[in-house]
Each structure stands twice: as structure tokens, then as C-alpha cells.
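The next block holds one structure in the form of C-alpha cells; read it before the comments.
To find a chain, count down the sequence lines: A is the first, B the second, and so on, and within it residues start at 1. Everything numeric in this text was worked out from a predicted model, so none of it was measured. As a basis for the values below, the full set of heavy atoms in this structure was taken, side chains included, without hydrogen atoms, waters or symmetry mates.
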Amino acid sequence: MSTVESLLSAHLSAAFSTLTGVMSDPQVHRSARADFQSNAALALAPALGLSSREVATAVVTAADLGDVATASVSGPGFINLTLLPPALNRLLGAMAADPRLGVPLVSAPETVVIDYSGPNVAKEMHVGHLRSTIIGDCLLRVLRFTGHNVIPVSHIGDWGTPFGMLLERLVEIGEDSGSLSIGDLDAFYKAARHRFDTDPDFADRSRQRVVLLQGGDPETLRLWKLLTSESARYFMAVNSRLSVLLTPSDFVGESFYNDQLASIVSELDSKGLLRQSSGAQCVFPPGFTGRYGEPFPLIVRKSDGGFGYAATDLAAIRHRALVLGGQRVLYVLGTPQSQHLEMVFAVARQMGWLDGVAVKHVGFGSILGEDGKMLKSRRGKSVKLIDLLDEAVARAGEVNPSTATAVGIGAVKYADLSSAMVKDYVFDLERMLSLHGNTSVYLQYTHARALRVIHRAGTSPRSSDLAIADGQPGIGSPDAIAGGLRIETPQERALALALLAFPGAVQAVAAELEPHRLAGLLRDVAVAFTRFYEDCPVLNAEPGIRESRLVLCDLTARVLAQGLYLLGIEAPERM
RNA sequence: GCGCUCGUAGCUCAGCUGGAUAGAGCAGCGGACUUCUAAUCCGCCGGUCGCAGGUUCGAAUCCUGCCGGGCGCACCA
């Protein structure tokens with residue numbers, strides 16, 4: 001049992017089942033009126049022919065809660081539960097002694113493939129890649145921490161017709177011109193685009209270059225590799241700035257699937273799913289309709305004979321399920337892509353590739369400017385991701401240069417991860433970098449304060465290097481810690497309860513793939529710690545109380561550091 | 001037109017998947033540093049949860065229908 005709720009449920013469920021004759025969930029939740037409350041009596045009362053208060057009263061008298069909690073009936077039939085000191089101390093002691101802070105490893109680890117980030121070769125990463133990269137990285141961290149075998153995949157756009165003009169442009173300016181160096185790729189792409197649009201000869205050569213590329217012409221391939229490797233270096237530079245865990249070996253470009261596309265089409269055909277439509281070879285998964293209610297196609301082969309992106313996506317999902325052995329395959333992509341993905345999923349299911357495989361689109365909304373519209377630069381162009389990050393770091397540096405990167409990058413990431421993914425959000429650096437409100441700065445500041453107290457106490461800091469995936473040696477036996485705890489004031493109790501909710505929050509993110517739940521818990525912990533910090537002196541407290549409060553400081557720092565780590569955010573020791 | 005999605009305080013957002021009196025931050029007003037980081041904290045002000053029905057002991061949350069915003073709907077990914 002990893003959460004307090006489940007511990008209380010276990011104690012109550014016996015009483016409920018003897019009363020009703022069936023096993024039922026006691027529905028234990030956090031409560032504003034007590035530590036926890038059980039709501040099941042209200043739901044069960046009608047079937048038993050009793051009033052809900054009678055049911056609740058019967059359960060309370062029958063329940064054997066030992067020294068875990070006290071229970072009382074409240075209102076129309078709620079059962080209020082208050083943890084008793086021995087149980088509270090045991091739970092905290094176990095958490096403090098556990099390098100994993102009470103977060104259990106899953107009993108049945110799964111292979112989980114996560115598709116995220118996915119920038120395009122020879123193009124700047126822009127805000128559109130920000131959310132996918134950040135959310136994907138967070139899910140990677142959380143799923144790995146809970147014990148799953150996670151395979152990250154950045155589906156790089158490294159193939160297709162645009163490469164004709166890009167390569168032709170490369171030939172034109174010469175590969176030693178320096179325009180390929182990191183940071184100049186955007187200018188390079190725009191120049192190629194411009195040449196393509198304005199010079200018919202160049203456009204012709206570009207089209208021929210596509211044919212050469214697809215035909216495997218050695219010189220063309222050499223140039224193509226030059227472009228892709230240079231882009232990979234650039235992506236890594238951005239990933240590094242973002243503290244994202246992706247490595248070059250996680251980049252699996254569209255080109256990787258090239259030699260599988262023909263077999264994809266023939267497989268579809270042999271299953272009878274392929275149909276000609278307007279010269280293109282298509283699959284029409286049931287249930288998808290177009291503008292006029294007509295069947296809507298997934299185009300796997302275009303009328304010009306080229307493969308569409310749907311073919312690549314089908315090859316990718318097959319590879320992930322059948323070759324990589326993904327039991328879960330996640331796609332961290334914007335919600336506008338949902339229909340396309342659903343169609344890919346549907347076809348993959350029809351093909352039998354997904355038996356026993358759970359696929360899910362982890363969709364997210366758009367980033368908006370302060371005008372409430374899709375974030376664009378003043379000139380209407382998409383905003384360069386690196387510019388956004390630089391500005392955040394610069395602003396954070398105005399307050400404190402030594403923590404500029406941790407605070408600036410953290411603020412951008414936290415703003416993204418702390419709100420519900422499905423919704424759009426407004427990119428507002430001022431709000432993100434505020435010390436008030438639900439921001440990473442506040443969490444980092446709280447972490448630094450908690451750590452400061454420990455330092456001042458002369459105890460060795462145990463939190464500073466805890467932000468790791470595999471945990472850290474504990475600080476003592478659970479019983480020894482529990483025996484020394486004296487959780488007495490309301491502030492101490494509130495902080496203790498907030499800390500104990502950490503494992504459940506991590507598990508919730510792993511199950512629901514919603515990082516903002518963890519963010520919300522960290523915020524709760526920080527608020528609770530701040531009130532504790534204001535009202536409960538640590539260093540000057542009497543012996544006994546002092547040690548107990550130091551444990552709370554230590555746990556707070558560790559939970560915040562580990563939680564921020566799982567979100568992909570650094571936790572500086574000082575601010 | 002069809003589909004997906006969102007609508008909660010003046011603004012930006014939570015609301016733990018159906019629970020008691022809907023919570024934060026910003027903005028506004030008023031307070032608190034001789035004490036572990038005031039980059040902080042406390043108090044006040046502020047809500048017919050878009051509208052209308054339905055489901056039941058109970059709805060911001062679930063179902064239906066409207067209203068309003070966003071996105072998607074054939075060879076770009």
C-alpha cells in the first residue's frame with residue numbers, strides 16, 4: 001500500500017463488506033474537514049434501506065482502525081477520518097527512510113514507446129515543438145522512475161520533397177560555406193524556399209534532386225547526411241539547453257522507414273484494405289468522414305507514386321509494436337493531429353499490429369500569445385524556440401545570474417506542465433517567472449529555503465543530489481525516524497499530509513499521463529512548507545521538536561527536488 | 001455542414017474523475033522583518049461554474065440540446 005488513502009481503505013473495507021455483504025470501495029479522499037473522508041455510506045444507503053447516517057454510524061462502530069485513525073460521522077453520512085500520531089509517524093518514517101520517497105516500482109514493468117519532440121531537419125525548432133518535447137520528457141522521467149522500460153523516439157522530419165530544394169541549395173552555396181553551422185539552419189531553409197519559389201530552373205533541379213535522393217544516388221546521399229547530422233547536432237544543443245534527456249540515438253527519422261514503405265502498401269493490399277481513389281492508393285478506415293460526409297482516406301501512396309506521411313506513420317507504428325515490442329505506444333502531439341492519428345491507429349488495428357498493444361494520443365493545446373492567438377512573432381512568423389528560452393533565461397538572470405538557467409528554463413517548462421494539457425495556454429514570461437502563484441520559481445525557492453535550514457542546522461544535506469532516477473540511500477531506519485517524530489501543530493500536520501501525497505501523485509501521472517497533477521502536489525507541498533516555515537521555528541526549537549522538524553525540512557527538500565526532477569526541472573541549492 | 005475540443009472571480013488558471021460552504025496567483029485595498037532566505041507571509045474584496053433541461057441522496061464534474069471560441073476535414077507532416 002503506497003498511499004494513505006489505500007491504507008485507510010483497507011481498514012474500512014472490511015466494515016463495509018460485513019455490513020453490505022459485498023466488497024465495495026470505501027471511497028476515501030482528502031478532505032477539507034478532516035484529514036480524509038469516506039463517502040461510500042451515502043451511495044450504499046438506498047440499497048440497504050437505511051439512512052446514510054445509519055450506514056456511516058454502523059461502519060464507524062464496526063471498523064477496526066487500530067491506532068491508524070479516528071472516525072466520526074458527519075453531515076448526511078460522511079465518515080471523517082483523522083490520522084493518529086503513531087500512524088502518521090510510521091508513514092512519514094517509512095517515506096523518509098525510502099530513497100524512492102514511497103513511490104513503488106510497478107509490479108509488471110511494460111515496454112513503453114514515447115514519440116515526442118520530432119523536429120524537422122534543416123528547420124529551426126519553434127514553439128510548436130516546445131510542448132511535445134517538454135511533456136514527452138516528463139512522461140519519460142515519470143514512467144522510468146516507476147519502473148517501466150521506456151523507449152523515447154524523436155520522429156525527425158528528415159525525408160520528403162522539401163529535401164530536393166534544400167540539397168540543391170547546399171550544392172549551390174557549397175558545403176563549406178559555413179551556412180550549415182548551428183543556428184543558421186533557419187536562414188538556410190528560408191533561402192532554399194525563396195530560390196525554389198522564384199527561380200524555375202532551381203525548382204526543376206530541386207525536383208530532379210528528389211528523384212536522385214530517393215534513388216539512392218551516393219553523392220546526393222552524402223549531402224543529405226551532411227544536412228541531417230548537422231541538424232542532429234543542433235537538436236541536441238536545444239535539448240541540452242532544455243535539460244531534455246533525449247540522446248542522438250533516440251532520433252529515428254522518417255527515412256528510417258523508407259525500405260519498409262513498399263511492404264506496408266503490399267500488406268495493406270493483401271488484407272484487402274487498399275483502394276484506388278483519385279489516382280492515390282488509400283485506406284478508408286470505417287467511421288471517418290470528410291467535409292461532405294464522404295469516406296475519408298488515409299493516403300498511403302500519392303497519385304505521383306510517392307509515399308505519403310501516412311505510410312511512414314503506419315510503418316512507424318508497426319515497428320514500435322512488432323519490432324520494439326512496445327506494450328504501450330504514446331504519441332505526444334498537438335490535438336490538431338488527433339484525427340490523423342486515430343486513423344493510423346484504426347488501420348494498424350485492422351492490420352492486427354496492435355493486439356495487446358495500447359496506443360494513445362497524448363494531445364495538447366496550442367501556445368498562445370498575449371493577444372490570445374497562436375503565438376507568432378511580430379512579423380507573423382513562428383517564434384524560434386531558442387529565442388523564447390534565451391529571453392526567459394535573460395529575464396531570470398536579471399534577478400539572480402547564478403540561477404538564471406535553472407530558473408528561466410524551469411519557468412517555461414513548469415508553466416507548460418502545470419496546466420491541463422488539453423487546453424491552450426498563454427505564454428507570459430512575467431507570470432511564469434513570478435515568485436508568487438503556481439510557478440517553478442516558487443517551488444525552487446521553497447526547496448532552497450528548506451535546504452538552507454538543514455545546512456544551518458549543521459546536518460548534512462541529503463536533498464541536494466537526490467534528483468536522480470534510481471534513488472539514494474535512506475537516512476535511517478523507518479522506526480528510528482518515526483520514533484523521533486513529533487507532529488503536533490496544524491502546520492506540521494498539514495505539511496506531513498501534503499508530503500505523504502507524493503507517491504500517489506507520481507502514480508497518477510504514470511497512469512493518467514497528466515503531469516499537472518504532480519505539479520499541483522508540489523505546489524501543495526510548497527505552500528504547506530511555507531506556512532510551517534513561518535510559524536514553526538526549527539533551529540531554535542526545543543530538543544526533540546527540532547529534530548522532528550528537521551525531518552520535515554529534509555523530506556520537503558527531497559520531495560521538491562525529486563518532483564522537479566520528474567518534471568525535468570532543476571532545483572538549485574541556493575537562490 | 002460534419003467531427004474533436006474548450007467555456008469556472010476583471011485577468012491567468014486549479015478543482016484529485018459524482019461529494020459537504022467551488023480554491024490559488026495577478027490586479028485592488030489593508031497589515032507583518034531584532035528571529036532558520038521578506039525573492040516571503042497574513043487578512044479583505046471579488047463567482048447565477050456559458051445557457052436550458054435531464055440522470056440521483058448529491059452535478060462545475062455524467063447525458064442531451066442550444067450559445068460562444070479554437071482546431072481538423074484528400075495527396076504538407
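Annotated as anti: B:C45, whose glycosidic dihedral deviates from 0 by more than 90°. Syn is the classification of B:U17, since its glycosidic angle stays within 90° of 0.
Across the protein-nucleic acid pair, A:Glu294 atom CD and B:C73 atom P stand 13 Å apart, rounded to whole Å. The CG-P distance, from A:Leu429 to B:U12, rounds to 17 Å in whole Å. If you measure from atom CG of A:Asn39 to atom P of B:G18, you get 12 Å, rounded to the nearest angstrom. If you take NE2 of A:His129 and P of B:A77, they are 14 Å apart, rounded to a whole angstrom. We find that NE2 of A:His361 is positioned 20 Å from P of B:G3, with the value rounded to whole Å. For A:Phe284 and B:C73, the CZ to P distance is 16 Å, given to the nearest whole Å. Remark: C1' of B:A77 and CD of A:Glu254 are 7 Å apart, rounded to the nearest angstrom. Following rounding to the nearest Å, A:Met432 (CE) and B:C26 (P) show an atom-to-atom distance of 17 Å.
For A:Ser338 and A:Ser366, each mapped to the nucleotide of RNA chain B holding its nearest heavy atom, the one lying further toward the 5' end belongs to A:Ser338. Nearer to the 5' terminus of RNA chain B, by closest-nucleotide assignment, is the contact made by A:Ala448 (compared with the other of A:Val527 and A:Ala448).
Closest to the side chain of A:Thr530, from the set B:C41, B:C36, B:U17, is B:C41. When distances run from any side-chain atom of A:Thr289 to the nucleotides B:G70, B:U37, B:C2, the shortest one goes to B:C2. Of the candidates B:C36, B:U12, B:G19, the closest approach to any side-chain atom of A:Ala43 belongs to B:G19. Listed candidates were B:C13, B:U40, B:A74. Nearest to the side chain of A:His436 is B:U40. The A:Arg517 side chain lies nearest to B:U17 when the options are B:U37, B:G72, B:U17. When distances are taken from the side chain of A:Leu42 to each of B:G19, B:U12, B:C36, the shortest belongs to B:G19.
Phosphate proximity of B:G15 to A:His516: present, with a side-chain N or O under 4.0 Å from OP1 or OP2. The side chain of A:Arg531 places an N or O atom within less than 4.0 Å of a non-bridging phosphate oxygen (OP1 or OP2) of B:C42. Between B:C41 and A:Tyr442, a contact under 4.0 Å exists linking OP1 or OP2 to a side-chain N or O. Close to B:C57, at under 4.0 Å from its OP1 or OP2, lies no side-chain N or O of A:Arg53. Side-chain N/O atoms of A:Lys423 include none lying less than 4.0 angstrom from OP1 or OP2 on B:U12. Residue A:Arg523 has no polar side-chain atom (N or O) positioned under 4.0 Å from OP1 or OP2 of B:C13. Side-chain N/O atoms of A:Lys123 include none lying less than 4.0 angstrom from OP1 or OP2 on B:A77.
In this structure B:C62 sits in a base pair with B:G54, meeting the Watson-Crick or G-U test at under 3.5 Å. Using the Watson-Crick or G-U wobble rule with both distances under 3.5 Å, B:G43 pairs with B:C29. Under the Watson-Crick and G-U wobble criteria, each requiring two contacts below 3.5 Å, nucleotide B:U34 is left unpaired. Of all nucleotides present, only B:C71 satisfies the Watson-Crick or G-U wobble test against B:G3, with each distance under 3.5 Å. Nucleotide B:G23 is matched to B:C13 when pairs are restricted to Watson-Crick or G-U wobble geometry with both distances under 3.5 angstrom.
Counting non-hydrogen atoms under 4.0 angstrom, A:Ala45 reaches nothing in the nucleic acid. Base contact: A:Glu512 has a heavy atom under 4.0 Å from a base atom. Residue A:Pro336 is classed as a sugar-phosphate contact, given heavy-atom separations below 4.0 Å to backbone atoms only. A:Tyr425 comes within contact range of the sugar-phosphate backbone alone, with a heavy-atom separation under 4.0 Å but no base atom that close. Residue contacts shown for A:Arg291 include a base, since a base heavy atom lies under 4.0 Å away. A:Arg449 comes within 4.0 angstrom of sugar-phosphate atoms only, judged by non-hydrogen atoms across all strands, and of no base. Counting non-hydrogen atoms under 4.0 angstrom, A:Asp424 reaches the backbone sugars and phosphates but no base.
To the nearest 0.5 Å, the span separating CD on A:Glu542 from CD1 on A:Ile545 amounts to 5.0 Å. Taking CZ from A:Arg546 and SG from A:Cys536, the interatomic distance works out to 15.0 Å, rounded to the nearest 0.5 Å. Summarising the geometry, atom OH belonging to A:Tyr445 is positioned 12.0 Å from atom OG1 belonging to A:Thr403; distances are rounded to the nearest 0.5 Å.
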Ring pair (Phe, Tyr, Trp, His ring centres under 6.0 Å) between A:Tyr309 and A:His340, intermediate numbers included: CA-CA 10 Å; A:Tyr309 56 86; A:His340 169 69; 4.9 Å; yes
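Nucleotides B:G28 and B:U34 are separated by 32 Å at their C1' atoms, to the nearest Å. Across the P atoms, B:G46 and B:A22 are found 14 Å apart, a figure rounded to whole Å. Nucleotides B:C41 and B:C26, compared at atom P, are 8 Å apart to the nearest Å. Nucleotides B:A27 and B:G72 place their P atoms 36 Å apart, quoted to the nearest Å. With C1' as the reference atom, B:G70 and B:A59 are 26 Å apart, rounded to whole Å. Separating the C1' atom of B:C29 from that of B:C45 is a span of 7 Å, rounded to the nearest Å. Comparing the C1' positions of B:C13 and B:A60 gives a spacing of 14 Å, expressed to the nearest Å. Across B:G3 and B:A9, the matching C1' atoms stand 33 Å from one another, rounded to whole Å.
One finds no salt bridge joining A:Glu534 and A:Arg531 here, because no Lys/Arg side-chain nitrogen approaches an Asp/Glu carboxylate oxygen to under 4.0 Å.
Residue ring and nucleobase are stacked for A:Phe78 and B:A20, with a centre distance beneath 5.5 angstrom and an angle between planes beneath 30°.
A donor-acceptor contact under 3.5 Å is formed by the side chain of A:Gln37 with the base of B:A20. Between the side chain of A:Ser74 and the base of B:A20 there is at least one donor-acceptor pair of N/O atoms closer than 3.5 Å. One N or O donor and one acceptor, one from the side chain of A:Ser277 and one from the base of B:A74, sit under 3.5 Å apart. A donor N or O paired with an acceptor N or O is found under 3.5 Å between the base of B:A20 and the side-chain atoms of A:Asn80.
For the pair A:Arg449 and A:Tyr533, the cation sits on the ring face: its NZ or CZ lies under 6.0 Å from the ring centre, inside 45° of the axis.
Tested against A:Arg209 for a side chain to side chain contact (heavy atoms under 4.5 Å, CB included), the candidates A:Gln214, A:Arg169, A:Glu168 yield a single pass: A:Glu168.
Aromatic pair A:Tyr331/A:Phe345: centroids less than 6.0 angstrom apart. Between A:Phe529 and A:His447, a ring centre-to-centre spacing not shorter than 6.0 Å is recorded.
Taking the six-membered ring for Trp and thresholds of 30 and 60 degrees, A:Phe256 and A:His319 have ring planes more than 60 degrees apart, a perpendicular arrangement.
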